[in-house]
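Presented below is the structure to which this report refers.
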Amino acid sequence: MAKNLVIVESPAKAKTIEKYLGKDYVVKSSFGHIRDLAKKNLGVNIESDFRPVYEVDPEKKKLIAELKKAAKTSDTVWLASDEDREGEAIAWHLSEALKLDPEHTKRIVFHEITKTAILNAIENPREIDYNLVDAQQARRVLDRLVGFELSPLLWQKVKPSLSAGRVQSVSVRLIVEREEEIENFQSTSLFKVTGIFTTADNKSFSAELSTKFKTKEEATAFLEDCKTANFKISNITKKPSKKSPPAPFTTSTLQQEASRKMGYSVSKTMTLAQRLYESGKITYMRTDSVNLSDLAINMAKDEIISQWGADYVKTRKFKTNSKGAQEAHEAIRPTQLNKHTVGGDAGQKRLYELIWKRTIASQMSDALIEKTVIDIEIDNNKYKFIANGEVIKFDGFLTVYNVSTDEEDAEPSTNNKILPAVKEGDALQPNGIVAIQRFTKHPARYTEASLVRKMEELGIGRPSTYAPTISTIQKRGYVVKEEREGVLRDYIELSLKGNELKENIKSEKTGYEKGKLFPTDIGILVNKFLIKYFDDIL
DNA sequence: CAGTGAGCGAGCTTCCGCTTGACTT
């Protein structure tokens, strides 16, 4: 008979911990929450001080009985749920539902699944924190009241089976309001001028004019000037700069990167991550923490040294930027950092490699970059051309990880390139100067992943609910994820080659969208309804 | 007389956050 029963939330976690604790400990799992507000009716007794009415989910009855039995035959029960609001409540619900004897019950917490952390936790038990429990109960009751007061109004006024709540309704509102911004957006156009210049030893590079012209007439006048102009390098500045690696993954940043780099929906990412977690390849995947255990940092260090040498190591501790973070776990990382890849299907493989690279990169040196700016003076004109160059002096973390951004700027950038060796005073030959009409862009529509980022920023939802919430608002028909064809738009291109100035009308596709979230009519209607009546209802 | 249709009443939907499977495709 085991002397000790440890209860955690996740069965995968239970398996790992059992290995660390040895024979005297049996580790079982609660599979998350074990009780919740009554499903029928409000589940909150408003007359009696808003007292919550809890009931055990019928599907959990068997589990509770099992845990009860295990508790009875143990000397000590260790409640080891997560150290956050929900975890503390789970510990309390367990102690209530299992009718645990306080004399033989201990509450322990750890933020990483390592042997030292677990043993240390066992050495330092504490009591259940009732402030946290009450905070959770208040959160739960408020969500129920809001959801179960608002939703029936929608059934009555709009359509049956609709829903409203603290998280989903705000998410829909973000999408509706973004669409309004886009509808009201007035696009204006500017002429952007780019020149190709050739040095005396026949090397070419491009440079952008320091201003953009509002009208075709201004742009034409400028190009006319250029016909007779002389171009000369008036200034060169070189500035060292550096890039630092991003923090290890949280749920939300993993969802964003997997979406940007692999095009995965947030639910696909979470399903793959769950598989990797269950097979022991990665740490817990629902986390808001960017923290790595010392063990992980040391593993990363060894791995970096053996692959790239000591120059590439720079261990770091990252701090969370998100306000609501509860940091009950580590960041998402491989459990073994010397494993570059894993078996399993292609999706799991790719996601694992992404996590591995991000984790390793986070403990690597900064990339050292030299930025060069070349000013090109025009002798008959007040404007100047500017060429920006960037040379990587030391790649550091960039050797494994490229940082991606949301900007889907189709414009070929004149940045990030290598410039030829030149010196101040050098004369340059123009080899084609082009003024292209460019249009200002409306704000971008949300993708699933960029919506998650916004939600996290606003403190709406939790790592465990981002994916389900996004699926709910689609299931209710408030928003749709769609691909929409773009339309053709004409633009003017003025090009100066030698002494010849040509005007062309060209056309380009604009407004093509893929995987973006659009509000539906019902989404817009419900949003309007809620905004109008919210104050009266609650 | 058999089949149709209008009208009525009862019962259901719903929140957020913690967990996996059990289901389909």
Side-chain angles (χ1 to χ4, degrees), chain A residues 7-15 28-44 52-54 56-57 59-60 62-64 67 79-94 97 132-133 135-172 251 267-268 270-271 273-279 284-288 324 326 328-329 455 459-473 475-478 526 530 534 537-538:
Chain A
I7 305 177
V8 296
E9 292 174 40
S10 146
K13 207 177 185 179
K15 226 169 75 189
K28 290 194 176 289
S29 152
S30 74
F31 293 80
H33 274 294
I34 52 154
R35 300 198 303 190
D36 192 14
L37 296 179
K39 266 201 164 55
K40 290 193 175 178
N41 307 322
L42 199 52
V44 180
V53 181
Y54 292 114
V56 174
D57 184 324
E59 292 192 350
K60 292 245 160 158
K62 214 177 125 196
L63 172 75
I64 297 283
L67 290 175
L79 299 173
S81 45
D82 298 343
E83 184 170 38
D84 56 20
R85 207 185 297 141
E86 299 297 324
E88 203 67 24
I90 288 174
W92 174 72
H93 278 299
L94 280 168
L132 264 183
V133 173
Q136 193 275 347
Q137 296 198 88
R139 197 278 304 152
R140 182 68 191 91
V141 166
L142 277 170
D143 281 339
R144 171 57 69 89
L145 291 176
V146 171
F148 277 35
E149 289 292 332
L150 290 180
S151 300
L153 274 174
L154 295 178
W155 307 340
Q156 205 186 323
K157 303 282 181 196
V158 186
K159 196 176 120 176
S161 305
L162 291 178
S163 62
R166 172 177 58 87
V167 171
Q168 58 172 292
S169 297
V170 180
S171 305
V172 172
T251 303
S267 67
K268 174 163 187 180
M270 292 314 283
T271 308
Q274 178 81 27
R275 298 281 163 275
L276 290 169
Y277 169 67
E278 283 167 5
S279 55
Y284 197 57
M285 65 284 153
R286 290 183 279 264
T287 175
D288 52 21
Q326 306 202 19
H329 305 92
M455 289 166 68
I460 307 166
R462 300 281 308 138
S464 67
T465 61
Y466 296 138
T469 300
I470 280 172
S471 111
T472 297
I473 60 178
K475 220 178 342 183
R476 298 276 182 273
Y478 294 146
V526 166
L530 290 174
F534 186 83
I537 299 161
L538 291 175

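Each chain gets a letter, A, B and so on, in the order the sequences are listed, and its residues count up from 1. Computed from a predicted model, the values in this text were never measured in an experiment.
When distances are taken from the side chain of A/S10 to each of B/dC18, B/dT20, B/dC15, the shortest belongs to B/dT20. Checking B/dT13, B/dC16, B/dC15 against the side-chain heavy atoms of A/V167 singles out B/dC16 as nearest. If you check B/dT20, B/dG17, B/dT14 against the side chain of A/H33, the one that comes closest is B/dG17. The side chain of A/T472 lies closest to B/dC15 when the candidates are B/dT13, B/dC15, B/dC18. Candidate nucleotides B/dC18, B/dT14, B/dC15 were compared by shortest atom distance to the side chain of A/R144, and B/dC15 ranks first.
If you take CD1 of A/I90 and C1' of B/dT20, they are 13 Å apart, rounded to a whole angstrom. Rounding to whole angstrom units, CD of residue A/E9 and P of B/dG21 are separated by 15 Å. Atom-to-atom, NZ of A/K475 to C1' of B/dC16 comes out at 14 Å; the value is rounded to the nearest Å. Here the C1' atom of nucleotide B/dA22 and the CG atom of A/D57 are 14 Å apart, to the nearest Å. Here the P atom of nucleotide B/dG17 and the CE atom of A/M270 are 14 Å apart, to the nearest Å. The separation between A/L150 atom CG and B/dT13 atom C1' is 15 Å, rounded to whole Å. Rounded to whole Å, the distance from NZ on A/K60 to P on B/dT20 is 10 Å. Rounded to whole Å, the distance from CD on A/Q156 to P on B/dT13 is 17 Å.
Listed pair A/S464 / B/dC18 meets the phosphate criterion, a side-chain N or O lying under 4.0 Å from OP1 or OP2. When the side-chain nitrogen and oxygen atoms of A/R462 are compared with OP1 and OP2 of B/dC16, none of them lie within a distance under 4.0 Å. For the pair A/R286 and B/dT20, the criterion of a side-chain N or O lying under 4.0 Å from OP1 or OP2 is met. Residue A/T465 places none of its side-chain N or O atoms closer than 4.0 Å to OP1 or OP2 of B/dC16.
Stacking between A/F148 and B/dT14 is shown: the ring centroid lies under 5.5 Å from the centre of the six-membered base ring, and the planes differ by under 30°. B/dT20 has no stacking from A/F31 on its base ring, since the centres under 5.5 angstrom apart and planes within 30 degrees of parallel are not both found.
Residue contacts for A/G87: at a heavy-atom cut-off of 4.0 Å it reaches no nucleic acid atom on any strand shown. In this structure, A/R166 reaches the sugar-phosphate backbone alone: every heavy-atom distance under 4.0 Å involves primed, P, OP1 or OP2 atoms, never a base. Within the 4.0 angstrom heavy-atom criterion, only backbone atoms of the sugar-phosphate kind lie near A/S163; the bases stay farther away. Using a 4.0 Å heavy-atom criterion, one finds that A/P11 contacts the sugar-phosphate atoms exclusively. The residue A/L162 sits close only to the backbone: its heavy atoms come under 4.0 Å of sugar-phosphate atoms, none of a base. The residue A/R476 sits close only to the backbone: its heavy atoms come under 4.0 Å of sugar-phosphate atoms, none of a base. Contacts of A/A164 with the nucleic acid, taken as non-hydrogen atoms under 4.0 Å apart, involve only primed sugar atoms and P, OP1 or OP2. At the heavy-atom level, A/Q274 lies under 4.0 Å from the strands shown only through sugar-phosphate atoms. Among the heavy atoms of the strands lying under 4.0 Å from A/G32 is at least one base atom, whether or not backbone atoms are also near. Residue A/Y277 is classed as a sugar-phosphate contact, given heavy-atom separations below 4.0 Å to backbone atoms only.
Ranked by how close their nearest DNA chain B nucleotide is to the 5' end, A/R139 and A/S29 are led by A/R139. Along DNA chain B, the nucleotide nearest A/D82 and the nucleotide nearest A/R140 are compared for position; the residue whose nucleotide lies closer to the 5' end is A/R140.
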task = Please assess A/R476 against A/S163 for the test side chain to side chain donor-acceptor pair (under 3.5 Å), listing each intermediate value before the final yes or no.
result = CA-CA 7 Å; A/R476 298 276 182 273; A/S163 62; 2.5 Å; yes
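Side-chain contact check for A/E278 versus A/M285: every heavy-atom pair is 4.5 Å or farther apart. Considering only heavy atoms from C-beta on, A/V170 stays 4.5 Å or farther from A/R166 through its side chain. A/R139 has its side chain within reach of A/E86: a pair of non-hydrogen atoms, C-beta onward, lies under 4.5 Å apart. Contact annotation: the side chain of A/Q136 never approaches that of A/D84 to less than 4.5 Å [non-hydrogen atoms, C-beta and beyond].
Under the 3.5 Å distance criterion, the side-chain polar atoms of A/K157 are left unmatched by any main-chain donor or acceptor of A/V526.
The pair A/K13-A/D82 counts as a salt bridge, with a side-chain nitrogen and a carboxylate oxygen less than 4.0 angstrom apart.
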